[in-house]
Amino acid sequence: MRVRRFSRRTGSEGVAPVPKLEERGVKRVLLLVVLNLGLFAPAALAGAPLPGATAAPAKISAQRIAHHVELLASDAFEGRSPGTKGEDKTVAYIAERFRRAGLRPGFRGSWFQDVGLIRVEPSPSTTLTLSEDSGASAVLRQGKDVMLVNGRWEPDAAIDRSEVVFVGYGISAPSLGRDDYKGLNVAGRTVLMLAWAPETQAFAGAARIRYGLPTMKTAEAARRGAAAVLIVVPDDGWEQSLTAVRTRMLNPAGASPPGAPPIDGRIKRSVMQGLLASGETSLERLEQQAGQPGFRPAFLKLRATARLRSKVQRFNSRNVVGLLPGTERPAEHVLFVAHWDSFGLCATGAAEDRICNGALDNASGVGEMIELARLFASRGRLPRSVLFLAATGEEHGLLGSNHYVGDPALPLAGAVGGATLDMTAGRRRGTDLVLFGKGLSELDAYFERAASLQGRKLVAPRPDDAGYFERSDNMAFVRKGVPVLTPSGLWSEGAGRELLDRYEAESYHKPSDEFGAIASFEGAAEDGELLYHFGRELASTDDWPAWRKDSPYGALRPSRTTPKSGE
Ligand SMILES: [Zn+2]
């Protein structure tokens, strides 16, 4: 990665105006602290204009967000992988920014919540041998042809001449009329499956992610006792797919054994194609069969042998928690969540740039959240608390936020609702607001009002995007009944969308997700201002927005009200 400067955005000649920004920021905070002294009394009532707040509009500076992203996504932070020096720098930076913003340490008097994790790194010299009954065999190399990882934090796993069964997409979804296993016993066998889900109507929307995500498919295979999984990954998605599995991180308090088979593997499409070319069937033929309604699993007359050794380490990672305590009902709180982690050193040896800097994903969300925290704190406390959670380990399965909901800073019974900030920058101001989770809860009205203050329209995501709702930190809270949704202007149609499509194709989970590739931070600032209006209203009422009864989450939280004083 090259050194980049602010010049394009600021017009200055390649000199980053960072010190000046800082000075101005500090002065402004001091001024607002003076203006806001009166606010620390419980007089700040719902909807009433806050003293000091009326003087300045609720503005967030795009330049300040850019500054955070430039730092967090710089090579000095090493790609922010949990358990590295990059983590130390990252969590220290966020805590310091929360402190300067005027928040209080949010986790039992500390900025940090320890999150115990396990890292599993497979040996790079691992091989997988696929042999035919005739005796012919092929030895596949780790990282090049296949990637085998241990799904269960065990240092050793092995398969010895395990029968390979092609199970189509490896999906079992009876409610959608699909079961690729058709009752076949795969215990001890190696299941070969295609990536994602078939291109059919049934799997067009959220179901594509619910059933097609690798973790869902490997969990299904594990449940059926498979000894190994091999997912066929297209060559052009190979590097990207390896980023996510090369190092596996797990929560030791999570399911045991976790929902993955002992050997959780990927195989490059061209490699599988070559292996089958000489046999009775071809990969193209298998792919075609998998798409047919009457698909049945098939033995490939191949046997798989591998010995997988892994380095298994326990370590502590950290969530960062900042709090703006409520004046009247401090246990009731609004939540904002952004994950700070990225993938660290993620490219293979020879690559010139090996650091997955995670600028858009998700230094942008963290930068926006820091400025959101500053805006909240500068305009005084509200009747309810506002809690800011910078979570670890999202990329490895929402590890930090799942840990948090198991041991929350404030009891979850008091969590009113909130929002996740994930991949927020890139677009300019003035697009619609896409809400992941729209239509599920009464929070829609809050987002709608906040959007209309900016002259923006609240819209649902495109059907093929809708499943992202189930992939981000918000889901840890949703599963506990707390409505936390993910709003973002970046997913709206138009200019932002083009940028996002290009990003997904070229940079997502790759070293090229860099600060210099983000064209504008104005949209992130606009979304941040919207979240301020949203959060301020929610932290000022005694309303408890409920899940819609007909949503999948309707039964997770009983409807509740704030007890009136004297009750
Ligand atoms: Zn993310």
Side-chain angles (χ1 to χ4, degrees), residues 65 68-69 72-73 77 79-82 86-87 90-91 94 115 117 209 213-215 240-241 243-245 247-249 317 319-320 335-344 346 355-370 372 388-404 418-427 434-437 461 465-478 484-491 496 499-515 517-518 521 523-524 527-528 531:
I65 297 177
H68 300 311
V69 175
L72 290 167
F77 284 70
R80 304 189 307 280
S81 181
E87 155 159 359
T90 303
V91 298
I94 298 168
V115 180
L117 296 181
I209 282 165
L213 207 61
T215 50
Q240 204 170 26
S241 139
T243 299
V245 295
T247 296
R248 174 169 299 236
M249 290 191 202
S317 185
N319 287 331
V320 190
L335 292 146
F336 293 103
V337 187
H339 74 87
W340 60 253
D341 63 306
S342 183
F343 287 105
C346 65
I355 302 177
C356 270
N357 303 86
L360 184 55
D361 186 13
N362 184 33
S364 67
V366 173
E368 184 185 317
M369 188 166 76
I370 289 169
L372 178 64
F388 299 87
L389 170 65
T392 181
E394 190 267 359
E395 301 287 11
H396 294 275
L398 320 185
L399 300 175
S401 49
N402 276 329
H403 182 96
Y404 177 88
T420 302
L421 297 78
D422 199 350
M423 293 171 52
T424 61
R427 68 178 184 92
V434 172
L435 181 60
F436 291 93
D465 290 338
Y468 286 107
F469 179 70
E470 296 173 22
R471 288 189 69 178
S472 195
D473 281 312
N474 61 286
M475 214 44 205
F477 293 88
V478 169
V484 177
L485 310 183
T486 303
S488 173
L490 190 58
W491 300 78
L499 186 139
L500 192 62
D501 289 343
R502 201 170 57 236
Y503 171 81
E504 289 203 313
E506 293 168 7
S507 301
Y508 181 61
H509 292 176
K510 286 187 190 165
S512 55
D513 181 1
E514 301 198 87
F515 172 74
I518 300 177
F521 288 86
D527 281 355
L531 288 178

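Atoms within a ligand are numbered from 1 in the order they appear, just like the ligands themselves. Counting begins at 1 with the first residue of the sequence. These numbers were taken from a predicted model, which means no experiment stands behind them.
- In this structure, Leu372 and Phe388 have side chains that are in contact, with non-hydrogen atoms separated by less than 4.5 Å.
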Derivation and outcome, side-chain hydrogen bond (donor to acceptor under 3.5 Å, both in side chains), residues Asn474 and Thr486: CA-CA 7 Å; Asn474 61 286; Thr486 303; 3.0 Å; yes

Candidate pair Asp527 and Thr424, rule side-chain hydrogen bond (donor to acceptor under 3.5 Å, both in side chains), full reasoning: CA-CA 8 Å; Asp527 281 355; Thr424 61; over 6 Å; no

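- Atom CZ of Arg427 sits about 6.5 Å away from atom OG of Ser488, to the nearest 0.5 Å.
- Rounding to the nearest 0.5 Å places CG of Asn357 at 11.5 Å from CZ of Phe77.
- The side chain to side chain contact (heavy atoms under 4.5 Å, CB included) check on Asn402 picks up Leu398, Ala476, Arg479, with sequence neighbours excluded.
- For the Zn ion (ligand 1), the count of nearby protein N/O/S atoms, taking only those under 2.8 Å, is 4.
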